[in-house]
Amino acid sequence: MTDTWHTAVTDIQPNRVAVRGYDIADLMGRVSFGAAVYLILTGNLPDEKTGRLLDAILVSSIDHGATPPSCLAARTVASTGASLSQSVAAGIMSINKHHGGAIQDCALALGNLLSDAESNNQSLDEAATALVAHIKSTGSRISGFGHRVHRKDPRTARLFELAAEAGLTEDKARHVAAARAVERAFAATGKPLPINVDGAIGAILADLGIDPAVFNGFFMIARVPGLIAHVTEEQTRERPMRRIDPVNHAYDGPSPRSLNESK
Ligand SMILES: CC(C)(COP(=O)(O)OP(=O)(O)OC[C@H]1O[C@@H](n2cnc3c(N)ncnc32)[C@H](O)[C@@H]1OP(=O)(O)O)[C@@H](O)C(=O)NCCC(=O)NCCS
């Protein structure tokens, strides 16, 4: 007799698919994609506001134009004649520590800051000031802060707003509060460094109590549609094996439009 191995993710029976116990046909049309992602990664469905927050996290990272390394990698591979899956995989492979993969590291750094503050009997601002002084003196970097383009990332502000609506206000959401304290400490040095979208997502996911092992996965899940759009555009609009200039490109899609107009 062969050994049976187990999985607790999805049960497949003839004519029935159940994700974490929920019939997939019941979930379909009733549960948002963000809520379904939360379900498959954590084992439970989120409440309505947390589901909205998770949707917003996925929307926030769907694309960031042609400059991110993952987009350039996907387009470069696509331009060699690779398949869609090969090209998208190349993009995903460049989601790491410094791009899209700062979520887990930022949450870890904020968690360490919270334990330092507690063990040294310091306020969050005192602990953050000490951390920033250490970063400056050693020339090190903290994940989840800084951005090549944005000084005030519009995604971060909206995510924190939705997090507060879902109950993650600074008094309860300690990682969000720690991120804010680090931001204040950088500003106090005269060289402000904004929380970037990875940092905001890291703080929020940590405060939601999600397993850090899946944090960077949220960015990957979110970015796949953007990568597919870039790969198909590359293969339909550009000539094969062109030199892809990482900086010198211009947007020629639709002009700014409002959600209200399309309703
Ligand atoms: C994203 C990133 C590469 C953008 O960097 P950049 O805007 O090109 O900035 P530079 O690398 O030129 O650095 C400019 C200054 O800010 C400092 N700095 C930038 N990001 C920093 C960070 N996360 N922590 C500490 N200092 C930072 C640099 O040390 C440098 O200081 P100096 O002027 O005293 O030498 C950078 O901010 C970073 O490494 N962030 C951490 C990783 C991260 O969160 N990645 C996800 C991005 S969405």
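Just so it is clear, the structure is predicted and the values come from calculations on it, not from any experiment. Along the sequence shown, residues carry numbers from 1. Counting starts at 1 for both ligands and their atoms, following the listed order.
Residues Leu205 and Val214 share a hydrophobic cluster, clusters being chains of Ile/Leu/Val/Met/Phe/Trp/Tyr side chains in contact below 4.5 Å. Met93 and Phe219 are not part of a single hydrophobic cluster, where members link through side-chain heavy atoms under 4.5 Å apart.
The closest protein non-hydrogen atom to atom 1 (C) of ligand 1 is Gly146 O, 4.0 Å. Of the protein's non-hydrogen atoms, Arg148 CG, 3.7 Å is the one closest to atom 8 (O) of ligand 1.
The distance from ligand 1 to the heavy atoms of Ala102 drops below 4.0 Å at these ligand atoms: 43 (C), 44 (O), 45 (N), 46 (C). For ligand 1, the atoms sitting less than 4.0 Å from at least one non-hydrogen atom of Ile135 are 25 (C), numbered in the order shown with element in parentheses. In summary, the atoms of ligand 1 found under 4.0 Å from a heavy atom of Asp198, numbered by their order in the structure, are 46 (C), 48 (S).
Within 6.0 Å of CD in Glu48 there are 12 or fewer heavy atoms belonging to other residues, nucleotides or ligands. The number of heavy-atom neighbours closer than 6.0 Å to CZ of Arg52, taken from other residues, nucleotides and ligands shown, is 12 or below. Summarising the local packing, NE2 of His134 is surrounded by 12 or fewer heavy atoms from other residues, nucleotides or ligands at distances under 6.0 Å.
Of the N and O atoms on the side chains of Asn44 and Thr42, not one donor lies less than 3.5 Å from an acceptor on the other residue.
Where the criterion is an N or O separation shorter than 3.5 Å, residue side chain and backbone included, Phe145 meets it with respect to ligand 1. Residue Ile142 has at least one N or O atom closer than 3.5 Å to an N or O atom of ligand 1. Polar contact check, Asn196 against ligand 1: a nitrogen or oxygen pair lies under 3.5 Å apart.
Within the 4.0 Å heavy-atom cutoff, Leu193 counts among the residues contacting ligand 1. Within the structure, ligand 1 has Lys191 among the residues with a heavy atom less than 4.0 angstrom away.
When Ala200, Gly101, Gly144, Gly202 are ranked by how near their heavy atoms come to atom 44 (O) of ligand 1, first place goes to Gly144. When Arg141, His147, His98 are checked for heavy-atom proximity to atom 3 (C) of ligand 1, Arg141 turns out nearest.
Counting protein heavy atoms under 4.0 angstrom from atom 29 (O) of ligand 1 gives one or more. Under the 4.0 angstrom criterion, atom 26 (N) of ligand 1 counts as having a protein heavy-atom contact. By the definition of a contact as any protein heavy atom under 4.0 Å away, atom 41 (C) of ligand 1 is in contact. Protein heavy atoms are absent from the space less than 4.0 angstrom from atom 12 (O) of ligand 1. Within the 4.0 Å cut-off (strictly below), a protein heavy atom is located near atom 22 (C) of ligand 1.
Salt bridge absent: Glu238 and Arg75 never bring a charged side-chain N and a carboxylate O closer than 4.0 Å. Ion pairing between Asp47 and Lys49 fails under the 4.0 Å rule for side-chain N and carboxylate O.
In this structure, Phe186 and Phe145 have tilted ring planes: the angle between them lies in the 30° to 60° band.
Ring centers of His64 and His150: under 6.0 Å apart, within the cut-off.
Only the backbone of Ser140 comes within 4.0 Å of ligand 1, judged by heavy-atom distances.
From Leu72, atom CG reaches atom CD of Glu234 across 10.0 Å, with rounding to the nearest 0.5 Å.
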